[in-house]
Peer 1: 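Next up is a structure, given as structure tokens.
Here the structure is a predicted model, which means the values were calculated and not measured. For the single chain, residues carry numbers from 1 onward in sequence order.
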Amino acid sequence: ITSEALSPISSELAAMEQQAREEAYPSWLDNVVPDAETANSQVLTTEAPPTPRIGIKNKIADAWADLFKPVQRRLIPASVAFAGFLAACGPGGGAPSTATSTHPDTFTPPTPITTELPSQSAGTPSSSPTIEVTPSPSPTPTPKETLSPREKLLSPHLADLAKKAGISSIGVEFPGTDYLTMDSEKSKPILEQFNSVTMGFYWNIFEPVRGNFDFATFDNQMGFIQANKLTAKGHPLIDPGDYPDWLKNGHFSKSELKSILINHVTSLVSHYKGKISEWTVVNEPYLAPYRPDDVFYKPFGYDYIDMAFKAARAADPSAKLIYNDTENQRSDGLTTALTQQIVKRLHSEGLIDMVGLQMHLDASYYATAQDVINTMRSYGVPVAITEFDIDLNTVKGTQASRLALQAKIASETIQACRQSKVCKEITFWGIEDDYSWLREAVSGEKNAAPTMFDNNRNPKPFYYAVRKALS
């Protein structure tokens, strides 16, 4: 977008855009986002926890297939004006930049140099001819890569900041192979923030009929991931909330169920050996009364978790294996004690590499930073934040105050991860609000807005808070 393209934008609109931008980041962030010391000691809330939402994904399991369909996006004309404003802004926002490039777009060869040799004596014409000396043509310099205004706004990438902070992976839930085809000028710089992608191998989608594995769909996704130079992670091999009907209603014997479990895990992990670096082996297992429907728990108890980890380890010894659950980031979390019990047993057998803390946070109730740090350290293995988002659905107030609260929680969570010294990975669950599992079409929630980017693919205060916390 050239400066000429900005001329039709009225000064009033430009002023409004600038004011909104300043309110979204610089004017509030230093005041709202605490430093590490403050975050450690601050008690964020004394409210009683809300009714656990631990079963929400079970209720919408059938809607997960929607994640693999193209999303029909709403194009808002006002975003064009905002894009023009961003084109004139520097990476930090605020007033339009007046800096000009010192690197010309074209290279002009030097004018040939003409030199006349002096005559042998004054007044005597020289017998030597005039010699034209032309320097050897200089190679045309390779132009430096030019970042678009949006790329400048989102640079340096979160993955680069994380690496300097000791966090090896900043990832995102797989957004679909169509993601870059829709408004690629905005979507490409967003995807480039991350260095890993988590693929959703939900059993009812991957193997809807016994023995019929949908490798074609997921191989296509793998091609997209590799083409964009991202690391692939697999999630989940076993999840009671996503068992297919043929498994839930098959009335299989104990020996048949063992064979089904091992065959499913082995088939998946073997097929992607060397391509998927990390697997969530078991996610959200049986927990009465919240998760009562687990066909493997009934005959095996929690021993089926060990069976699944052993099968995964045998299929690809180089892949990292994760046990994952929700509500396990607090000392009093609903699944914290169960997670500690399972991780301890798996660790003693050498079967687990990391524990996953989903971190689907309800902005109306969340733990102190120090409690999160202590809980992370309590597991005795490296920690990964595997499904990070912040749900604003139950938060009242102005949109500005809601987004500021979301940013504050994000900052404290990232700081807790860094200070724990055991938290090594962070994956965001949803690349933008319109691609989140909490979007209205899937969850019914109208005001969740749980990700770092809004429906128009513009960064929210959440994003800037994460950047600052990583820095």
Peer 1: Indicate yes or no for a side-chain donor-acceptor contact from Arg291 to the backbone of Pro240 under 3.5 Å, with no hydrogens or angles considered.
Peer 2: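 It does not hold such a pair.
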Peer 1: Do Lys233 and Thr386 get their side chains close enough for a donor-acceptor pair, meaning under 3.5 Å?
Peer 2: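 There is no such pair between these side chains.
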Peer 1: Can Lys248 and Asp245 be counted as an ion pair, charged N to O under 4.0 angstrom?
Peer 2: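 Yes.
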Peer 1: Any donor and acceptor pair, going by atom type alone, linking the side chain of His235 with main-chain N or O of Thr280 inside 3.5 Å?
Peer 2: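 Not at all, since once roles are kept as given, no pair shorter than 3.5 Å links the two residues.
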Peer 1: Determine yes or no for a side-chain-to-main-chain donor-acceptor pair under 3.5 angstrom, with Gln370 supplying the side chain and Asn374 the backbone.
Peer 2: no
Peer 1: Taking Glu327 first and then Arg330, would you say they form a salt bridge - that is, a charged N and a carboxylate O separated by under 4.0 Å?
Peer 2: yes
Peer 1: Please determine if Arg345 and Asp306 form a salt bridge, counting it only when a charged side-chain N lies under 4.0 Å from a carboxylate O.
Peer 2: yes
Peer 1: Got a sec, which residues hit salt bridge (Lys or Arg N to Asp or Glu O under 4.0 Å) with Asp433, two or more places apart in sequence or on another chain?
Peer 2: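 Only Lys460 meet the salt bridge (Lys or Arg N to Asp or Glu O under 4.0 Å) criterion with Asp433.
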Peer 1: I'd like to know if Glu425 and Lys320 make a salt bridge, using a cut-off of under 4.0 Å between side-chain N and carboxylate O.
Peer 2: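 Salt bridge flag = yes for Lys320 with Glu425.
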Peer 1: So, for Asn455 and Asp434, which heavy atoms are closest and what is the spacing to 0.1 Å?
Peer 2: OD1-N, 3.1 Å
Peer 1: Closer than 3.5 angstrom, by distance alone: can the side chain of Gln415 be matched with the main-chain N or O of Ala469 as a donor-acceptor pair?
Peer 2: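 No.
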Peer 1: With a 6.0 Å cut-off on the ring centroids, do Tyr243 and Phe296 count as close?
Peer 2: yes
